[in-house]
Amino acid sequence: MSSDRTVTDVLMGAARAAATKKNRLSSASQSPAQAPSSPAKKPKTLEDSVVSSDEPKKSGATDPFLELKKKGSDFDPRAAANWKDGEPVPFLFFARALDLISNESGRIAITDIICNVFRTVMAATPDDLLPTVYLSANRIAPPHEGIELGIGDASLVKALAEAYGRKEEHVNKQLQVECGSMWQELGDLGLVAKASRSSQRVLYKPQRLTIAKVFHTFRAIAKESGKDSQDKKRNHIKSLLVAANDCEPLYIIRLLQSKMRIGLAEKTVLVALGQASAYTEVLRAASSKAQVPPSDEAAKIIKQVYSVLPDYGKIVPALLRVGVLKLSEACNFSLGVPVGPMLAKPTKSVSEILDKFQGIEFTCEYKYDGERAQIHYMEDGSIEIYSRNAERNTGKYPDVVSSVSRFKRPAVSSFVLDCEIVAYDREKKKILPFQVLSTRARKGVILSDIKVAVCTFAFDILYINGRPLLHEQLKVRREELYKSFDEEPGEFYFATSITSNDLKKYRSS
DNA sequence: CCTGACTGCCC
DNA sequence: ATTCTGC
DNA sequence: GCAGAATGGGCAGTCAGG
């Protein structure tokens, strides 16, 4: 097949370009393989004439999507929206924006683009802001809810092959890139998907994808489990791929891989969301000369709020309801929801700088070779344990859960404790390496089945008896820590720390 | 039942 | 966790 | 030098198929 040659060449070139983030070609303009199915000649169905322009006009000099690259107040959300107010946001709008981002290397430019996407959605279809934010952050649910896609490259190759009527081996061959005498998996499955789609003859045009549709399909994929779940997941994916056009397949695949690799990740999304609401509110408050939130101030607020309430399902609606400035009031820290690790540090004030430069006094802690854990103890006595990345680990550590009542002092009715859980040999009273800990069972563990004993080392406390300590100095938190718990041999210790000006003591980690 | 392929999450 | 990149 | 993004090794859990 001659078409395959073309496709492969495109893929290899693009894969290399993507590997070194320099000199990348526009994925939108680079695709000769896609040219045959140009949108210019396509009065195929009624939908096209009714809904019309969901794609930029190649003929005119102005590409509407370039509007998204404008900065701050130069950007007009109205001009960027190519759908009617209140209608579902087309997925193509989002995919095109990602394509634009993929051609940028600087984070500022990337932030601007995704910010403009949010502003456009806020202006035209605010109901779709939540799924838009979720897709941008490449998430389908808050981390502590434990909802997973359960999809990897292998399943995607299968789905892709079926959806586009290709042989699986064929797809796999395209994925490989020759590197000297070796064959490596350097290819990009997303690009394979895009190329496969565009080289495929499409007989009828399916209903076009919306952001909400894609997002909800992702959730549906995650929900499938048990017997034949793989078939069901694959069918969901196929339904998306079949309905996808232009660069949509590329980003559907990459979202499902959780590997966007275009320089857009969660931090940037948070910043952009803050900036977007700042600009949107400026416009809204233009007549009533309310105070204008500087966009980076708004970004800080969003970051802050997300760190104590990592749940877009709560943040985004609140943002639309009350605006950025009052967001902190609407979204508070709550027990049972894991706190992001960033805020667990003292405020950057004079003391920190003094410590750094004068070296008079500083605190260093032993680096325990275990697993980070955030223990929440609720007023009703229930307990949750979260990992470093806010995954729910309660079912992995029933022994830790049961030991809490022993090391917690009676007067303590609630807390959030930052710890390191370490594999421990009780006979020899020795800490075991991470390798040992990692062999422990992870789900639904029951006390009597535990093979690898564990010891908890607490190094910080973020909340105690109804009082958040997130904004307190380390010293204060440390005092609270020491007076709220008791060490329990082999089960619970305070992390060893040294506060001094002696550099030599810093060696032992 | 058991085995292998696959996936996600820890560092 | 480490490595790489833009600022 | 810093912050954010991308990437790697090694493990248990899940599912499909013999």
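Here is how names work: the chains are called A, B, and so on, in the same order as the sequence lines, proteins then strands, and each is numbered from 1.
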Can a side-chain donor-acceptor contact be found between Gln257(A) and Asp153(A) if the only test is distance below 3.5 angstrom?
yes

Can you confirm whether the side chains of His376(A) and Gln374(A) place a donor and an acceptor under 3.5 Å from each other?
yes

Just compare dA12(D), dT7(D), dG13(D) and give me whichever is closest to any side-chain atom of Lys443(A).
dG13(D)

Lys267(A) side chain, from C-beta outward: closest of dG4(D), dC11(D), dA16(D)
dG4(D)

Does either side chain, that of Glu371(A) or that of Asn393(A), offer a donor lying less than 3.5 Å from an acceptor on the other one?
yes

To the nearest Å, give me how far apart CG (Asp228(A)) and P (dT14(D)) are.
17 Å

Whole angstrom value for the distance that separates P of dC15(D) from CD1 of Ile151(A)
12 Å

Measure CG/Leu149(A) against P/dT14(D) and give the value in whole Å, please.
16 Å

Chain A footprint on DNA chain B, 5' to 3' - any atom under 4.0 Å from a heavy atom:
dC6(B) to dC11(B)

Does Gln435(A) make a side-chain N or O approach to OP1 or OP2 of dC11(D) shorter than 4.0 Å?
yes

Rounding to a whole Å, what distance do you find between Lys259(A):NZ and dT7(D):P?
7 Å

Between Arg219(A) and Tyr134(A), is NZ or CZ placed under 6.0 angstrom from the six-membered ring centre and within 45° of the ring axis?
yes

Could you tell me how far dG4(B) sits from dT5(C) if I compare only their P atoms? Round to whole Å.
39 Å

With sequence neighbours excluded, give me every salt bridge (charged side-chain N to carboxylate O under 4.0 Å, His left out) pair touching residues 154-164 of chain A.
Glu162(A)-Arg234(A), Glu162(A)-Lys238(A)

Let me know the distance between CG of Asp449(A) and P of dA12(D), rounded to the nearest Å.
15 Å

If you measure from the C1' atom in dC4(C) to the same atom in dA5(B), how many Å do you get, rounded?
32 Å

Intermediate values then yes/no, side chain to side chain donor-acceptor pair (under 3.5 Å), Asp99(A) and Tyr251(A):
CA-CA 9 Å; Asp99(A) 227 23; Tyr251(A) 294 106; 2.6 Å; yes

Using a heavy-atom cut-off of 4.0 Å across all strands, would you classify Arg107(A) as base, sugar-phosphate, or nothing?
sugar-phosphate

Choosing from dT7(D), dG13(D), dG6(C), which nucleotide comes nearest the side chain of Ala441(A)?
dG13(D)

Ignoring backbone atoms, test whether Arg372(A) places a side-chain nitrogen or oxygen under 4.0 Å from the OP1 or OP2 oxygen of dA1(C).
no

Round to a whole Å and report the spacing from NZ of Lys300(A) to P of dA3(D).
13 Å

So, Ser102(A) and Arg261(A): side-chain donor and acceptor under 3.5 Å apart, yes or no?
no

Need one value for Ser229(A): base, sugar-phosphate or nothing, where a base atom within 4.0 Å counts as base even if backbone is also close, heavy atoms only.
sugar-phosphate

Less than 3.5 Å apart, any donor N or O on the side chain of Thr496(A) or Tyr368(A) sitting next to an acceptor on the other?
yes

Does dG4(D) have OP1 or OP2 under 4.0 Å away from a side-chain N or O of Lys303(A)?
yes

For the pair made of CG in Asn389(A) and C1' in dA1(C), what is the distance, rounded to whole Å?
11 Å

Figure out the CD/P separation between Glu371(A) and dA1(C), and round it to whole Å.
13 Å

